[in-house]
Amino acid sequence: MNLPTSPTATAALLEALHFAATKHRDQRRKDTEVSPYINHPIRVAQLLASEGGVTDLVTLQGAILHDTVEDTETTPEELERHFGAAVRRVVAEVTDDKSLPKGDRKRLQIEHAPHLSPQAQQIKIADKTANVQDVTASPPTDWSLERRREYLDWTEQVVAGCRGCNPSLEAFYDGLLAQGRKLL
Ligand code: NDP
Ligand code: ZN
């Protein structure tokens, strides 16, 4: 069984889920169905557990919380208060600097990937896996085929810098990327 089994760990994971769901409650993904935003962090954590065999609580909490600082009013201090310094750190590692232009942010994700902690690298791979799946099957409404293909290429460059942290998660990403390329 991959899920944390101690009552404390289970409660801590569910607290992260409750916190993220509250923070993202008015947000939607960019697909035609305008899916609830929280579906995405749930998927990222689920991929880590079920495809990556991850049981580390900080990594799973980090996955659930990975977009709270970037996309909501959540502060790093708030994360530390609720979930501790390790969760704050790992979320900070996967948070883009939103003051920078989009192109710079995308380049920096590629450059920073090899220097992330193994916990953050695994979250990155799971995040890119979820987005590859979405860009293939339920992409942002106004994206051209070319833009979707370019997005897949970019995720491959980010994931390249994270390789070695979780081979089974990486193999799952590779399979979805290949499938996406075949379909697009
Ligand atoms: P965005 O960063 O604006 O959108 C992609 C991000 O949106 C994902 O990384 C994901 O981030 C989130 N997201 C929400 N819903 C979905 C969904 N259904 N499917 C996939 N992702 C979703 O776009 P880009 O990554 O393309 O970045 C902008 C860059 O694109 C700029 O550098 C610009 O130059 C370039 N561009 C290219 C164009 C082209 O036609 N080739 C046209 C316009 C811009 P998260 O997981 O963090 O929520
Ligand atoms: Zn994400």
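Small disclaimer: the values here were computed from a predicted structure and weren't measured. Just follow the structure's listing: the first ligand is 1, and inside any ligand the first atom is 1. Only heavy atoms go into these numbers, but all of them, side chains included; no hydrogens, no water, no symmetry mates.
Take the N/O/S atoms of Asp67: the one nearest the Zn ion (ligand 2) is OD2.
Distances below 4.0 Å separate heavy atoms of Arg29 from the following atoms of ligand 1: 10 (C), 12 (C), 13 (N), 14 (C), 15 (N), 16 (C), 22 (C), 45 (P), 46 (O), 48 (O). Near Pro140, with a cut-off below 4.0 Å to any heavy atom, the atoms of ligand 1 are 17 (C), 18 (N), 19 (N), 20 (C). Proximity to His40 (heavy-atom distance under 4.0 Å) selects the following atoms of ligand 1: 46 (O). Residue contact check: Asp127 has heavy atoms under 4.0 Å from atoms 46 (O) of ligand 1. Close approach of ligand 1 to Gly103 is summarised as follows: ligand atoms under 4.0 Å from at least one heavy atom of the residue are 32 (O). Every atom of ligand 1 is numbered from 1 in the order shown, and the set under 4.0 Å from a heavy atom of Lys102 is 1 (P), 2 (O), 3 (O), 27 (O), 28 (C), 31 (C). Distances below 4.0 Å separate heavy atoms of Asp67 from the following atoms of ligand 1: 45 (P), 46 (O), 47 (O), 48 (O).
Atom CG of Leu79 is separated from atom CZ of Phe19 by 5.0 Å, given to the nearest 0.5 angstrom. Atom CD in Gln109 sits 4.0 Å away from atom NZ in Lys128 (nearest 0.5 Å). Trp154 contributes atom CH2, which lies 11.0 Å from atom CZ of Arg147 (distance to the nearest 0.5 angstrom). Taking NZ of Lys23 as the start and NE2 of His18 as the end, the distance is 10.5 Å to the nearest 0.5 Å. If you take OH on Tyr173 and CD on Glu156, they are separated by 5.5 Å, rounding to the nearest 0.5 Å.
In terms of polar-atom proximity, Tyr151 is counted as a contact of ligand 1, with an N or O under 3.5 Å from an N or O of the ligand. Considering backbone and side-chain N/O of His66, none are found under 3.5 Å from N/O of ligand 1.
Within the 4.0 Å heavy-atom criterion, neither part of Ala130 lies near ligand 1. Residue Lys30 touches ligand 1 through backbone and side chain together, judged by heavy-atom distances below 4.0 Å. With a 4.0 Å heavy-atom cut-off, ligand 1 is reached by no atom of Trp154.
No hydrogens or angles considered: a donor-acceptor pair under 3.5 Å links the side chains of Asp56 and Gln119. A donor and an acceptor atom, one from each side chain of Glu93 and Ser117, are located under 3.5 Å apart.
Closest approach of Pro36 and Arg29 over heavy atoms only: O-CG, 4.0 Å. The two residues His66 and Ile123 have their closest heavy-atom pair at CB-CG2, 4.1 Å. Nearest approach of Ile125 to Cys165, heavy atoms of both residues: CD1-SG, 3.6 Å.
With hydrophobic clusters built from ILVMFWY side chains whose heavy atoms lie under 4.5 angstrom apart, Val34 does not share a cluster with Ile38.
Annotation: atom 20 (C) of ligand 1 to nearest protein heavy atom, Val135 CG2, 3.5 Å. Looking at atom 30 (O) of ligand 1, its nearest protein heavy atom turns out to be Arg147 NH2, 3.7 Å. Nearest to atom 18 (N) of ligand 1 among the protein's heavy atoms is Ser138 O, 3.0 Å. Looking at atom 11 (O) of ligand 1, its nearest protein heavy atom turns out to be Asn131 ND2, 3.7 Å. Regarding atom 24 (P) of ligand 1, its nearest protein heavy-atom neighbour is Lys106 NZ, 3.4 Å. The protein atom (non-hydrogen) at minimum distance from atom 41 (N) of ligand 1 is Glu150 OE1, 2.7 Å.
Vertex the Zn ion (ligand 2), arms ending at NE2 of His66 and NE2 of His40: the angle is 100° after rounding to 10 degrees.
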